[in-house]
Colleague: 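Next up is a structure, given as structure tokens.
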Amino acid sequence: MRRGRLGATVAEILVWQVALSVLWLVLISTVDPLELFVGLGCALVGAVAAVAARRAVSGR
Amino acid sequence: MMSVLPYLFAGWIFLAGCYGLATSRHLVHAVGCLAVCQSSTYVLLLAVGYRDGGTAPVFSDLKPGSRPLVDPVVQALALTDVVVGATVTALLLALVMQVAKRHGTVDPDELSELRG
Amino acid sequence: MNAWLVCASLLLVAGLLPVVWGTARGPLGHRVVAQNCGTSVVCLVMLLLAQGYERPAYTDLALVLAVLGPVGTLVFARLLSGELDEEPRWGRAVTALTVAATAPVVIASCAATGPGRAAVKVVFIGVLLAAGNVIASRTLSGAHRNPTETRYD
Amino acid sequence: MTDTLLLISLCAVAATATAAVLVRDPARQALVLSVLGLALAVLFTVLQAPDVALSQLAVGSALTPLLILLSVRKVRRRGRREEDGR
Amino acid sequence: MSRRLRMWILAVGALGFAALFCAACPRLPAFGGDSHPYGERAVRAALAHRTANVVAAVNFDQRAFDTLGEESILFASVLGTVVLLRQTREEREVPPAPARVPLPVRRYALLLLPVALVVGLYVVAHGQLSPGGGFQGGVVVATALHLLYIGADYRALERVRPVGVYEIGDAAGEGAYLVLGLAGLVAGSSFLANTVIGYGTFNTLASGGIVPLLNMTVGMEVACAVVVLLARFLDQAVEIEEESGR
């Protein structure tokens, strides 16, 4: 079961990261490789925070 | 008249803040009045730096030199002022909590009598 | 005569001054609803000023306000839940009015910015603002239905 | 046009500041202070200072009210216990 | 010092201030005037270092030392709050009661938390391009974290936010700012000089040399400082109770 939960968590983080990267694309004005790289990093931070928050609230 | 008006507004806000500070009966209310006093300095600083028809000195969406600019140095000062104002407010509120814990009251008038 | 700035000043006079009046007087329930409405009015004014001054960079202001404004109102609803006495009759109407006012402003500034990511950004700000406004006002009315409950911590 | 906009935002800031001072209850004053933050943000945008307006929005809309309300809650809780104790 | 006497002193002081202030105002440069000597020089210096946001250039490039002072004020204020609001002997820690928050608010808070976090990081990252910077972004990030307290209850927030890490982050931000300053010294020019790193191309994320790096350290420090500040206030207001004995 442990591996299943880990897979679910990673999948959720990836979903959040994709969504937040799209949000980053909407926010920035000029698109260049460095912006995308920084955007993916920030989206990853946001995704991890989102999953941790949901986990903390649901009490698991 | 228009050339002096914003400065007079800043003076009015400062006086209002001082009045509240002097006549406050609750220390947290006094900290709020101090924040009002502080906001008068933002208004005065930015009014000094304004230029008619000027725009913000931020070139992310503007070609440098295409439009007259407002003074950025004053904005940097006001920015620092806002941040320090927030931290000072937090420290003062922590002090108010200590006063309430030590003396059991937050009314400045009662506090002065406790010294006896 | 910049039409955007005229709309911005009209919205300021019609929106912000009543909000200041509503926040300074009356029962606590009215004041928090007025503050919630104030957030939306100022966010819309920011969008209009961004168009009026032809500075797309100013939309970041409206973005941060659309994110943090409703959070401020939720803070009030959460920490003053014990004292929120009765919600004003016109509470729902004011929220509906502000959400209704969001639509034309967002559509107008989208039309002005033309197709592209900037327009999507403005739409995102409008959606965020409207959602925050509705959630905050529902929390305020929700807080009245069970004020006798134990204090939230 | 910008003069009338400037006048309106200056009057809004002055009115809100005066209201913030005249409201005696700290919890209600936190509400008026958050509206004062909004009015100041509009004034700073009219004075073409987006950075200052952004920091005033970030600090004034959620942080300061939260700090004030938490300290009011702590001070009031202590006060109420004093009455019960006496 | 009766209250009436204090009112009189206030009235005299206010009238004196008003009179002097009204006398001084006409001497100030007319509102909206065109003489801004420092402004033009600041814009020229910022463009020389290819920093698009001149306010960030003034804050982190031309007056970086003053910003170091302001960072220390922030650090000292958080330190003071932590010392003042610590739990004293006669206080006991009560676990916060789980709060009942309506479902839409909880879902809204959980949805808004990552969005607010990314918006805050966007404001920090583009500090030297568009309006924004380390301070504003840091406060937005810190407020985003506290959506958990608003969306759920203090227990959920405490589970996600270990205060020790943020205290270290606060100190690390201040330390990183100093190290970047020393890098200028080591590279042969002066402390906090913007000559160490190339200025990159104008209006891109890597432009402005040291400005974006200083922005990031300030963003980290302000975010961690505000989280620690709010943690102390929340502990006092929600958790720490007086001993009922007194």
Side-chain angles (χ1 to χ4, degrees), chain B residues 2 5-6 9-10 12-14 16-21 23-33 35-37 39-40 42-43 45-47 49-58 69-70 72 74-76 78-79 81-83 85-86 89-90 93-94 96-97 99-101 104-106, chain D residues 2-3 6-7 9-11 13-30 32-33 36-37 39-40 43-60 63-79 81-82 85-86:
Chain B
M2 190 55 195
L5 200 62
F9 269 97
W12 166 265
I13 298 170
F14 181 76
C18 286
Y19 169 74
L21 206 55
T23 57
S24 168
R25 301 304 298 264
H26 192 299
L27 279 178
V28 176
H29 176 270
V31 171
C33 296
V36 170
C37 275
S39 61
S40 72
Y42 314 148
V43 174
L45 268 173
L46 290 176
Y50 185 71
R51 179 198 298 259
D52 277 341
T55 185
V58 176
L69 294 176
V70 172
V74 174
Q75 289 189 11
L79 184 65
D81 196 351
V82 168
V83 172
T89 308
L93 288 174
V96 166
M97 279 198 200
V99 164
K101 214 178 281 186
T105 171
V106 273
Chain D
T2 53
D3 273 359
L6 187 64
L7 263 178
S9 44
L10 275 173
C11 293
V13 165
T16 321
T18 316
V21 164
L22 296 180
V23 170
R24 287 299 165 187
D25 174 57
R28 288 165 173 69
Q29 190 194 26
V32 184
L33 282 175
L36 175 63
L40 280 169
L43 175 64
F44 296 158
T45 311
V46 169
L47 289 174
Q48 307 297 324
D51 283 80
V52 189
L54 200 58
S55 62
Q56 178 66 38
L57 279 179
V59 164
L63 183 64
T64 319
L66 186 58
L67 287 176
I68 290 180
L69 288 176
L70 286 175
S71 40
V72 159
R73 193 182 158 102
K74 172 76 181 178
V75 163
R76 180 180 305 140
R77 226 160 46 146
R78 266 199 51 70
R81 183 155 300 101
E82 289 304 320
R86 256 194 295 280

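Labels below follow one simple rule: chain letters A, B, ... track the order of the sequence lines, proteins then strands, and each chain is numbered from 1.
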Colleague: Less than 4.5 Å apart, side chain to side chain, heavy atoms only: is that true for B/V82 and D/V52?
Modeller: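 B/V82 vs D/V52: side chains touch.
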Colleague: Please flag which part of D/L10 lies under 4.5 Å from any non-hydrogen atom of chain B: side chain, backbone, both or neither.
Modeller: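 Contact with chain B: backbone and side chain both.
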Colleague: Restricting to non-hydrogen atoms, name the atom on B/V36 and the atom on D/A17 that form the minimum distance, rounded to 0.1 Å.
Modeller: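 Minimum heavy-atom separation between B/V36 and D/A17: CG1-CB, 3.9 Å.
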Colleague: Does any heavy atom of chain B fall under 4.5 Å from the side chain of D/L67, the backbone, both, or neither of them?
Modeller: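 Both the backbone and the side chain of D/L67 come within 4.5 Å of chain B.
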Colleague: Between D/L36 and chain B, with a heavy-atom cut-off of 4.5 Å, which part of the residue counts as in contact: side chain, backbone, both or neither?
Modeller: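 Side chain only.
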Colleague: Please classify the contact between B/V28 and chain D as side chain, backbone, both or neither, with a heavy-atom cut-off of under 4.5 Å.
Modeller: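 Contact with chain D involves both backbone and side-chain atoms of B/V28.
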Colleague: So for B/T23, is it side chain, backbone, both, or neither that comes closer than 4.5 Å to the heavy atoms of chain D?
Modeller: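 Contact with chain D is through both the backbone and side chain of B/T23.
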Colleague: How close do B/I13 and D/A14 get, heavy atom to heavy atom, and via which atoms?
Modeller: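 So the two residues come closest at CG1-CA, 4.3 Å.
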Colleague: Does B/Y19, at its OH atom, have more than 12 non-hydrogen atoms belonging to other residues, nucleotides or ligands within less than 6.0 Å?
Modeller: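 Incorrect, the count does not exceed 12.
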Colleague: Does any backbone or side-chain atom of D/L70 lie under 4.5 Å from a heavy atom of chain B? Answer side chain, backbone, both or neither.
Modeller: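 Contact with chain B is through the backbone of D/L70 alone.
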Colleague: Quick check on the interface: out of D/V23, D/L7, D/T16, who has the most heavy-atom pairs with chain B under 4.5 Å?
Modeller: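 The candidate making the most pairs under 4.5 Å is D/V23.
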Colleague: Should B/V83 and D/V59 be marked as a side-chain contact (heavy atoms from CB on, under 4.5 Å) after you check the CA-CA gap, both sets of side-chain angles, and the distance that decides it?
Modeller: CA-CA 8 Å; B/V83 172; D/V59 164; 5.7 Å; no
Colleague: Taking only residues two or more places apart in sequence or in another chain, which ones pass salt bridge (charged side-chain N to carboxylate O under 4.0 Å, His left out) with D/D3?
Modeller: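 In terms of salt bridge (charged side-chain N to carboxylate O under 4.0 Å, His left out), with neighbours along the sequence ignored, D/D3 is linked to no residue.
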Colleague: Sort D/L47 into side chain, backbone, both or neither according to what part of it lies under 4.5 angstrom from a heavy atom of chain B.
Modeller: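 Contact with chain B involves both backbone and side-chain atoms of D/L47.
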Colleague: Among B/G32, B/A10, B/G20, B/C33, which residue forms the greatest number of heavy-atom pairs with chain D at distances under 4.5 Å?
Modeller: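 Option with the top pair count is B/G32.
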Colleague: Counting N and O atoms only, with roles assigned by atom type, does the side chain of B/Q75 sit under 3.5 Å from a partner on the main chain of D/P50, one being a donor and the other an acceptor?
Modeller: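 A pair under 3.5 Å: no.
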Colleague: Select one option (side chain, backbone, both, neither) describing which atoms of D/V32 are under 4.5 Å from chain B's heavy atoms.
Modeller: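 Interface part for D/V32: neither.
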Colleague: If I take atom NZ from residue D/K74 and atom NZ from residue B/K101, how far apart are they, to the nearest 0.5 angstrom?
Modeller: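 Answer rounded to 0.5 Å: 4.5 Å.
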Colleague: Sort out for me which of B/L79, B/L46, B/V96 touches chain D most, counting heavy-atom pairs under 4.5 Å.
Modeller: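 When all of B/L79, B/L46, B/V96 are compared, B/L46 has the most.
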Colleague: Who are the side chain to side chain donor-acceptor pair (under 3.5 Å) partners of B/S24, not counting sequence neighbours?
Modeller: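 B/S24 satisfies side chain to side chain donor-acceptor pair (under 3.5 Å) with B/H29 only.
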Colleague: Using a 4.5 angstrom heavy-atom cutoff, name the option from B/A30, B/A90, B/G54, B/G17 with the most pairs to chain D.
Modeller: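 Going by pairs under 4.5 Å, I would pick B/G54.
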Colleague: Top residue by heavy-atom pair count (under 4.5 Å) with chain D, among B/Y50, B/Y42, B/F9?
Modeller: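 Of B/Y50, B/Y42, B/F9, B/F9 has the most heavy-atom pairs under 4.5 Å with chain D.
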Colleague: When rounded to the nearest 0.5 angstrom, what distance separates CG in B/L5 from SG in D/C11?
Modeller: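 Between B/L5 CG and D/C11 SG, I get 7.5 Å after rounding to 0.5 Å.
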Colleague: Tell me, for B/V58 versus chain D, whether the close heavy atoms (under 4.5 Å) come from the side chain, the backbone, both or neither.
Modeller: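 Only the side chain of B/V58 comes within 4.5 Å of chain D.
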Colleague: Name the region of D/Q56, side chain, backbone, both or neither, that has any atom closer than 4.5 Å to a heavy atom of chain B.
Modeller: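 Both backbone and side chain.
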